[in-house]
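This report refers to the structure that appears directly beneath it.
Below, chain A is the first sequence line, B the second, and so on; all start at residue 1. All values derive from a computational prediction rather than experimental measurement. The figures here come from the full heavy-atom set of this structure, side chains too, leaving out hydrogens, waters and symmetry mates.
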There are 2 protein chains.
Amino acid sequence: MKPNVYAAECPTRQILDRVGDKWAVLILLLLREEAMRFNQLRRTIEGISQKMLSQVLKSLERDGLLKRRAIATVPVTVEYSITQLGVTLAAAVDPLRDWAEENLKDVLAAQRRYDAQQKEEAA
Amino acid sequence: MKPNVYAAECPTRQILDRVGDKWAVLILLLLREEAMRFNQLRRTIEGISQKMLSQVLKSLERDGLLKRRAIATVPVTVEYSITQLGVTLAAAVDPLRDWAEENLKDVLAAQRRYDAQQKEEAA
DNA sequence: CTTCTATAGTAACCAATGGTAACTAGATAT
DNA sequence: ATATCTAGTTACCATTGGTTACTATAGAAG
């Protein structure tokens, strides 16, 4: 049976939702570079709260995209590293990040045109 | 200046957020196949409400990813079609959809393993 | 002439998610 | 004793997402 992303119950859509997660993708791309600890991630990703980081890391681990390893130091440190599955997902996200960087200007320009148009029509 | 997706104010992150939009990607992929009217989209994408469809179409138009064309029929019909910019974004999303279809099984299996583990630890 | 259909939305309201700030716990340093 | 580091959790509030009902217009059906 072929997946149909337009069907509501299609599990493939769950995965698109997961990528839709604002922070998940950023974390994966970072962990692809190197394994990192909790606070290290928090400091690197501007604007993420401890709660969200904890939450997203948990769900990424659940999906098998990263591994969590607690190390018995004092205080305890926890290392997060990407899995093979996570690497393939990160690779699939690359074209998207590239698109964003390449086409940012066009999108912002389109937004300005649209907003100017709206303003004009309102007058 | 090179964009840094980990910086909070980086506009590139706005675009990742846009792709993160649950419905936006589905709409783009559909419109790449053929131009469609409002209710046609609504019927094709299971689970989307009129409000969300209207909202998302508006923001996609603002971003220059699709064009809206009102046709003076009775009742008025409105045709949405993808732009060149939209086509390139849809292309960047393809690897992601492919990944989802290919790796869905692995992700679901990982989730089951994780949940079983959690249950065991709770006991 | 009233009701039903279709079109493409908008408005009011409620539920779920996202984000903020404070707190926990254990050990070490000042 | 107090502050610091680690990795979180908890309670709370704001924003977003979703559901349902409604608008306007015109033609067809009864």
### Query
Taking Gln40(A) for the side chain and Arg37(A) for the main chain, is one N or O donor matched with an acceptor at less than 3.5 Å?
yes
### Spacing of Leu53(B) atom CG and Ile27(B) atom CD1 [to the nearest 0.5 Å]
5.0 Å
### Query
From dG17(D), dA7(D), dA21(D), pick the nucleotide closest to the side chain of Gln50(A)?
dA7(D)
### Task
Could you check which of dG17(D), dA11(D), dG18(D) has an atom nearest any side-chain atom of Gln55(B)?
dG17(D)
### Message
Can you see if the side chain of Arg37(A) gets near the phosphate of dG8(D) - specifically, an N or O under 4.0 Å from OP1 or OP2?
### Response
no
### Task
For Gln40(A) and dC5(D), give me the distance from atom CD to atom P, rounded to whole Å.
15 Å
### Query
Nearest to the side chain of Trp23(B), which nucleotide is it out of dT6(D), dG8(D), dG18(D)?
dG18(D)
### Query
Does any N or O in the side chain of Thr83(A) come within less than 3.5 Å of the main-chain N or O of Leu65(A), such that one atom is a donor and the other an acceptor?
yes
### Query
Atom CZ of Arg43(A) and atom P of dG8(D): how far apart are they, to the nearest Å?
14 Å
### Message
What is the distance, to the nearest angstrom, from the CD1 atom on Ile48(B) to the P atom on dT19(D)?
### Response
10 Å
### Query
For the atom pair CD1 (Ile48(B)) and CD (Gln55(B)), what is the distance rounded to the nearest 0.5 Å?
9.5 Å
### Task
Look at Lys22(B) and dG18(D) and indicate whether a side-chain polar atom (N or O) is within less than 4.0 Å of OP1 or OP2.
yes
### Query
Taking 4.0 angstrom as the limit, do Asp63(B) and Lys58(B) come out as a salt bridge?
no
### Query
Which whole-number value in Å describes the distance from Phe38(A) CZ to dC5(D) C1'?
14 Å
#### Entry: Residue closer to the 5' end of DNA chain C, Asp21(A) versus Pro75(A) (nearest nucleotide)
Asp21(A)
### Query
Between atom CG in Leu57(B) and atom P in dG17(D), what is the gap in whole Å?
14 Å
### Query
Just the endpoints, please: which first and last nucleotides of DNA chain C, 5' to 3', lie under 4.0 Å from a heavy atom of chain A?
dG18(C) to dT28(C)
### Touch class at under 4.0 angstrom, heavy-atom based, for Arg42(B) against every strand present
nothing
### Query
In whole angstrom, what separates Ile45(B)'s CD1 from dG18(D)'s C1'?
15 Å
### Task
Find the distance Met52(A):CE to dC12(D):P and express it as a whole number of Å.
19 Å
#### Entry: Spacing between Leu53(A) atom CG and dT6(D) atom P, to the nearest angstrom
13 Å
